[in-house]
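Let me begin by presenting the structure, written as structure tokens, before commenting on it.
Below, read A as the first sequence line, B as the second, and so on, with proteins coming before strands; counting in each chain starts at 1. These numbers were taken from a predicted model, which means no experiment stands behind them.
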There are 2 protein chains.
Amino acid sequence: MEEAGAPDVAAPEVEAATKNLVFNAAERLFALHGFQNVSVRDITAEAQVNLASVNYHFGSKDALLFEIFRRRTAELNRERARMLHEANDRHGGAPPVREILTALMAPPLRWLAPANDRRISLQFLIRARSEGTEEIRQSLSGDVSHLRRFSDALIAASPALPREEVYWRLHFVLGMIHQNRFAELDRLNVLSEGTTHEDDVDALLTRMVDFAEAGFTR
Amino acid sequence: MEEAGAPDVAAPEVEAATKNLVFNAAERLFALHGFQNVSVRDITAEAQVNLASVNYHFGSKDALLFEIFRRRTAELNRERARMLHEANDRHGGAPPVREILTALMAPPLRWLAPANDRRISLQFLIRARSEGTEEIRQSLSGDVSHLRRFSDALIAASPALPREEVYWRLHFVLGMIHQNRFAELDRLNVLSEGTTHEDDVDALLTRMVDFAEAGFTR
DNA sequence: AGCGAAGTTGAACAGCTGTTTGATCCGCGC
DNA sequence: GCGCGGATCAAACAGCTGTTCAACTTCGCT
């Protein structure tokens, strides 16, 4: 997936070095401690840059959060859309439920892999989704076009189901995905006394798709 | 607001009136706007009490949050434990998966009903679970005894499944439950163009249990 | 070399935060 | 009536917040 010599994951385009430092430090701290618990001073200290850098490069702390959210969301949705597109190609435009669910679940689970740089990005996204500012919340409810691609595909693949039933089940599936936060995974580890291994993302993907597909096509 | 004579839901035991005012106002504001976005001044203004009331009656803002969380969690878990107990009685100590899942899901869904005073309490709990303080997070990972009752019952009801598989599926089910936040339900309504009605909690319960049971016993 | 824009810096700003304090009020038992 | 403990009050506290500003440096281009 990654190549040696590739530019920093955070910013493919060439930009000011400190801007990227701020971006990455902020994403990391937001993901670990939450937006409200991280101050601009925390970010600039972590990035080892001047305090004013955040406002100079991003305008405001809120704008910084939103820019991270926007970029990561676009990246994640792009991967999902590509997988859905490939599934369409393989099945003449009408892929089965299992492949649609896989396209929805595989990208975030890949990001969750321990060796992946994007593990922290996924945690950021999950956190931003529930703790984000009003701007982020509006962005989430406003842009349903991405999600609609999946709901439409699921409706087409489930001719026996009423549409609203499909929406509900998609809602449940999204809940399964968003449950993969550090805190919840920790609790799962405590409960299972360490027998669950979320690091094996391939096994986890199979597990999740099995569960969701069974719920969808019961 | 409430019928005369009925004791306040928030505090069955007799306590100082302003303490209850603070408790209820704080729960409401926390549920609607998040812990960090609500100041002590917001709470005392909403409750129409003096600013110092929070520290006088609860010690600190964090302690207030934790007390609300503790009480609501205890109430919710009590309902769940009672339903599991009744399912045990009905089935000689070995209830089927569907009844265990119902015991887990029905109480929070009942709280979600629009006419229910506890609708706001459920939103508070879901929010506190993901945005809460370190104390709340430790309380969640530390006290697995409540959840263990359900995982043990599910293991007994699923003899063909490896234990860790049961833990994972329980994890997914909890994700389905926690997905029922205002923001996520709003997005669902936008996506479905208003055809989903979360107010019909009985239908929602059936839907969720159907989905979860199919995933569990596939 | 020299100009101008872009970037960086330290310092300061006003505002809001949770918490504390000491005074005052209220109701109840003696 | 008196006193006492709990409850309420206005006021102030110190600390942290995001943001701004003007001075300074760095860099690219002619």
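A residue-by-residue look at Y56(A) and S53(B) shows that S53(B) has its nearest nucleotide of DNA chain D further toward the 5' end.
Each of R110(A), R70(A), R80(A), R118(A) was checked for a salt bridge (charged side-chain N to carboxylate O under 4.0 Å, His left out) with E75(A), and the lone residue meeting it is R118(A).
Side-chain atoms of N50(A) come within donor-acceptor range of the base of dG10(C), with a qualifying N/O pair under 3.5 Å.
Within the 4.0 Å cut-off from OP1 or OP2 of dG6(D), not a single side-chain nitrogen or oxygen of H57(B) is found. Taking 4.0 angstrom as the limit, T18(A) places a side-chain polar atom (N or O) nearer than this to OP1 or OP2 of dT8(C).
A donor-acceptor pair shorter than 3.5 Å can be found between the side chains of R72(B) and S121(B).
For Q48(A), there are no side-chain hydrogen bond (donor to acceptor under 3.5 Å, both in side chains) partners, not counting sequence neighbours.
When rounded to the nearest whole Å, the span between NZ of K19(B) and P of dG6(D) equals 14 Å. The distance between atom CZ of F58(A) and atom P of dT19(D), rounded to the nearest whole Å, is 13 Å. Atom-to-atom, CG of L65(B) to C1' of dT19(C) comes out at 17 Å; the value is rounded to the nearest Å.
Remark: K61(A) is positioned above the aromatic ring of F35(A), its terminal NZ or CZ atom under 6.0 angstrom from the ring centre and at most 45 degrees off the axis.
Using a 30° and 60° split on the angle between ring planes, F211(B) and F216(A) fall in the perpendicular class, above 60°.
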I'd like a list of close polar pairs between nucleotides 14-18 of chain D and the protein, N/O only, cut-off under 3.5 Å.
from, atom 1, to, atom 2, distance (Å)
dG18(D), OP1, K61(A), NZ, 2.8
dG18(D), OP2, V40(A), N, 2.9
dG18(D), N7, R41(A), NH1, 2.8
dG18(D), O6, R41(A), NH2, 2.9

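Between L112(A) and L204(A), some side-chain heavy-atom pair lies under the 4.5 Å cut-off.
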